[in-house]
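In what follows, a single structure is set out as structure tokens and then discussed.
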Amino acid sequence: GGAQGFTFNFSDLSNQPMPVGTTVTVVASSGALEGTTSFEMLSTNRAGYRGMNFFLLNPVGGDPETSVITVTVSTPKNIKTVLTTTVNLL
């Protein structure tokens, strides 16, 4: 089995925090996710982007396979941004 680490940073177009109540979720089509896989934006005075760190694991003895990681950012006004990437699990 193996593990791959990821960092997902997010902000608005001006590199400021997303609106209060924005949610970010991470799912994978195969493998196991560990770390921060969901986040809700709270009120803050801190400028700049926010980040989430997570790992995608292939269990020991697991066969090599391909997983699709999907990150969804949803604002309180129901504006959604969806990002996907394909990862080879070894």
Side-chain angles (χ1 to χ4, degrees):
Q4 294 186 45
F6 299 88
T7 299
F8 178 69
N9 294 320
F10 53 95
S11 67
D12 69 8
L13 292 174
S14 299
N15 196 33
Q16 295 300 311
M18 296 294 291
V20 172
T22 295
T23 59
V24 182
T25 57
V26 180
V27 297
S29 63
S30 57
L33 285 170
E34 289 189 4
T36 305
T37 57
S38 65
F39 178 89
E40 181 174 348
M41 191 69 211
L42 302 176
S43 180
T44 183
N45 291 329
R46 192 180 113 208
Y49 65 87
R50 299 298 177 268
M52 297 169 56
N53 297 308
F54 58 93
F55 293 88
L56 182 60
L57 309 169
N58 192 13
V60 173
D63 292 328
E65 58 184 306
T66 300
S67 180
V68 177
I69 297 174
T70 303
V71 179
T72 304
V73 180
S74 301
T75 70
K77 291 186 177 182
N78 204 29
I79 298 170
K80 292 188 182 196
T81 301
V82 179
L83 304 156
T84 60
T85 190
T86 301
V87 177
N88 292 319
L89 294 172
L90 303 176

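The structure presented is a predicted model; accordingly, all values stated were derived computationally and were not measured.
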- prompt: Would you say the side-chain atoms of S30 pair up with the backbone N or O of T66, donor to acceptor, closer than 3.5 Å?
  reply: yes

- prompt: Going through the checks in order, is the side-chain contact (heavy atoms from CB on, under 4.5 Å) test met by V26 and F6?
  reply: CA-CA 11 Å; V26 180; F6 299 88; over 6 Å; no

- request: Begin with the C-alpha distance, continue with both residues' side-chain angles, and end with the deciding distance and a verdict on side-chain contact (heavy atoms from CB on, under 4.5 Å) for V73 and K80.
  value: CA-CA 6 Å; V73 180; K80 292 188 182 196; over 6 Å; no

- prompt: Does the side chain of T7 pick up a donor-acceptor pair with the side chain of N53 at under 3.5 Å?
  reply: yes

query: Heavy-atom distance under 4.5 Å between the side chains of M18 and S11, does that happen here?
result: no

field: Heavy-atom check, side chain of L89 versus side chain of L56, under 4.5 Å
entry: yes

message: Donor-acceptor pair, distance only, cut-off 3.5 Å: does the side chain of N58 make one with the backbone of L90?
response: yes

Single hit among T44, V24, T22 for side chain to side chain contact (heavy atoms under 4.5 Å, CB included) with R50: T44

Donor-acceptor pair, side chain of T75 and main chain of I79, under 3.5 angstrom: yes

message: Could you tell me if the side chain of T36 sits less than 4.5 Å from the side chain of F54, heavy atoms only?
response: no

- request: Look only at the side chain of T86 and the backbone of V68, and say whether a donor-acceptor pair between them is shorter than 3.5 Å.
  value: no

query: Who pairs with Y49 by ring pair (Phe, Tyr, Trp, His ring centres under 6.0 Å), at least two apart in sequence or on another chain?
result: none

query: Is there a side-chain contact between T70 and V82, using heavy atoms and a 4.5 Å cut-off?
result: yes

query: Going by the angle between their ring planes, with limits at 30° and 60°, are F39 and F10 parallel, tilted or perpendicular?
result: perpendicular

